[in-house]
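These numbers come from a predicted model, not from an experiment. Order of the sequence lines fixes the chain letters, A, B, ..., with proteins taken first and strands second; residue numbering starts at 1 for each chain.
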Amino acid sequence: MPKEIEKLRSIDEINEKIKRGDAVVLTAEEMIKLVESSGIEVAAKEVDVVTTGTFGAMCSSGVFLNFGHSDPPIKMTRCWLNDVPVYKGLAAVDGYLGATSLSETRGFEYGGGHVIEDLVSGKEVVLRAESYGTDCYPRRHIETVITIDDLNQAILVNPRNCYQRYDAATNSSDRVLYTYMGTLLPNYGNITFSGAGQLNPLCKDPNYETIGLGTRIFLGGGIGYIIGEGTQHSPKSGYGTLMVKGDLKKMNSRYLRGASFHRYGTTLYVGVGIPIPILNTRIAKTAALRDEDIFVNIRDYAAPTRPDLRPIIKKVSYAELRSGKVFLGDKEVPSSSLSSYKMAREIAETLKKWILEGTFFLTKPIEPLPRQREFKPLKIRGRELKVGDIMSRNVVTAKPNDDIRAVASKLIEKGIDHLPVVDDEEKLIGIVTSWDIAKALARDKRKLEEIMTRRVITAFENESIDVVARRMARHNISGVPVVDKLNHVIGILTTDDISRKVVGGGRIIW
Amino acid sequence: MVKVKLIYSHGVVEKPVLATIVLKTGVPINILEAKVNAQKGELIVSIPVAGDKLEEILNLFREAGVQVQEFAETLRIDWNKCTACGACISPCPTRALKFKEDWTLEFDEEKCVACGICVTACPVKAITMP
């Protein structure tokens, strides 16, 4: 057996030591320092448990609720807490409230995450529900006020928490982007990242030697358990996730915070801490990994593509990201986190305290988590409509020195509103709309080039219609010339084309 | 050093008020933020003098028809709400927000130009502009 995985101690032995009050427990930061000063052998021999922590936005979080029966009873088919929809595809008075569910009255400002925080804080929450009424559940409507104490169960069950690492974000476009990675300034104006790096639980046991099904953890200030791999678990590439559960009634709103990402939506900041028993030297080594040793990609969020297809700008360590500045080429770009390192630290400290006080014991996993899993994208069967499918190919264009009156009659004759202006090689150099022409005539202008818009918003033939429709809405325009790679105009797409030829999902209806 | 907001109404906005005052007083007034169009303008500037000299400059702006607003307070941070996540730090154009040694948030009022980007960037709505 390689020396690295030679057993140093068992979880039972560690629990015995916790009971006796002589277990050696360090936070991951303290473990790093010890390894640096005394070496891995000494640290592995001395330390029983390393505690970890993370506190970040975890959208795949939510709570199962049981409201109890009213008299007369109701089979709730639709339900809201503070106007936030609760999933009701369960039994009569069971529901699931997800962190990203948005208030129907307050939108992005308030959502499921906020309701969870309010419940944990003991605040009163308005419960409203509807039903169609049945013989056994005659009531059709209910509206009342509840607190967490009124609920029979409030069980936090988070399908995906605690990402091992998370790719950082930047923005190459010329406008501010509001994303789930926060505010991204134009022209690589900043970099945001998430995760506690050297304190991150899954970074400290990347081989899943101690973390598994049934592992007892710190969750939201209370006790929780790992109940399996998280959704999108991708351990092979170093992006593992966890599914966790715990009793919300015993949690603390300091470690469960509702949050809103501007123009994106709501989420829940969740505090998770996991004890790593140092069973062998290999675990001691991974538990001592530093921010300098943990790498992620910086991706460009300007590309409206699938997350894994967003262009990688640079590979960096958490140490670089946490330093507050990262060089992209020769440009120094400010970087900052979205998850709280201060709270991650506090969680690791709290978990350490619990173990030292003898109130938290370690568990042996019932089953390990899968180490070979890939995270597949969603394939779309069949062919979706692209810009090229619905654009008009019969484009009327004009030349910069065309007379405005002639152009005006051309617009009327052809019944169009958008006129791309091209040079002698048919390359796009501007655009005019019927509104521009009306204005020009009123002001007595003569040549097209005096009035044309030179900075033209365009589309490519193979782009998704949704992406181009969003571009038009953002620029408040009703048509875009479609160009090829050489900037030749090959078509035109207007909001009219979209509304007439497409119905949600891109099915042709003519 | 004092920071003020200068509000130019229609009619004033076309005149080189700030340049004239800089030339006249020799004080290098620094423009921190500017929103100007044909109808109106708003500048946030820092003036690196105090006392009588400062009063003189502010009066010159007022005489030229520019409305002067002093910044009593730029941002208000609710430290009970702040989780020290850092979401406000890198979007801040003037580096007025940063981490301290212990990873709590630090706000440097001197540097703040009250642009408000941190207000929307904060996920827990801990930052407001009074």
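Among A/Asn190, A/Thr183, A/Val326, A/Thr170, the single residue meeting the side chain to side chain contact (heavy atoms under 4.5 Å, CB included) criterion with B/Ser90 is A/Asn190.
Both the backbone and the side chain of B/Lys81 come within contact range of chain A, each with at least one heavy atom under 4.5 Å from a heavy atom of that chain. Looking at A/Leu184, there are no atoms closer than 4.5 Å to chain B (heavy atoms on both sides), in backbone or side chain. Contacts of A/Tyr264 with chain B are absent, with no heavy-atom separation under 4.5 Å from either backbone or side chain. Heavy atoms closer than 4.5 Å to chain B are found in both the backbone and the side chain of A/Ser260. Contacts between A/Ser337 and chain B at a heavy-atom distance below 4.5 Å involve backbone atoms as well as side-chain atoms. Contacts of A/Arg322 with chain B are made by both backbone and side-chain atoms, with heavy-atom separations under 4.5 Å. The part of A/Leu185 that comes within reach of chain B is its side chain, from C-beta onward, which places non-hydrogen atoms under 4.5 angstrom from that chain. Interface residue A/Glu109: only side-chain heavy atoms are found under 4.5 Å from chain B. Only the backbone of B/Cys122 comes within contact range of chain A, with heavy atoms under 4.5 Å apart.
For the pair B/Thr83 and A/Arg257, the tightest heavy-atom approach, listed with the atom from each and the gap, is CG2-NH1, 3.4 Å. Between A/Ser340 and B/Ala84 the shortest heavy-atom distance is OG-O, 3.3 Å.
Of the inter-residue distances, the one linking B/Ile89 atom CD1 with A/Thr192 atom OG1 reads 12.0 Å to the nearest 0.5 angstrom. Taken to the nearest 0.5 Å, the CG atom of B/Asp102 stands 7.5 Å off from the CZ atom of A/Arg345.
For CZ of A/Arg443, the number of neighbouring non-hydrogen atoms (other residues, nucleotides, ligands) closer than 6.0 Å is 12 at most. Environment of NE2 in A/His475: crowded, with over 12 heavy atoms of neighbouring residues, nucleotides or ligands closer than 6.0 Å. Around the NZ atom of A/Lys314, the shell of radius 6.0 Å holds more than 12 heavy atoms that belong to other residues, nucleotides or ligands. By the neighbour-count criterion of 12 heavy atoms within 6.0 Å, atom NZ of A/Lys439 is densely surrounded, having more than that number from other residues, nucleotides or ligands. Remark: B/Lys125 NZ is packed, more than 12 non-hydrogen atoms of other residues, nucleotides or ligands lying under 6.0 Å away. By the neighbour-count criterion of 12 heavy atoms within 6.0 Å, atom CD of A/Glu36 is densely surrounded, having more than that number from other residues, nucleotides or ligands.
Of the residues considered (B/Leu105, B/Val124, B/Thr120), B/Thr120 shows the highest number of contacts with chain A, using heavy-atom pairs under 4.5 Å.
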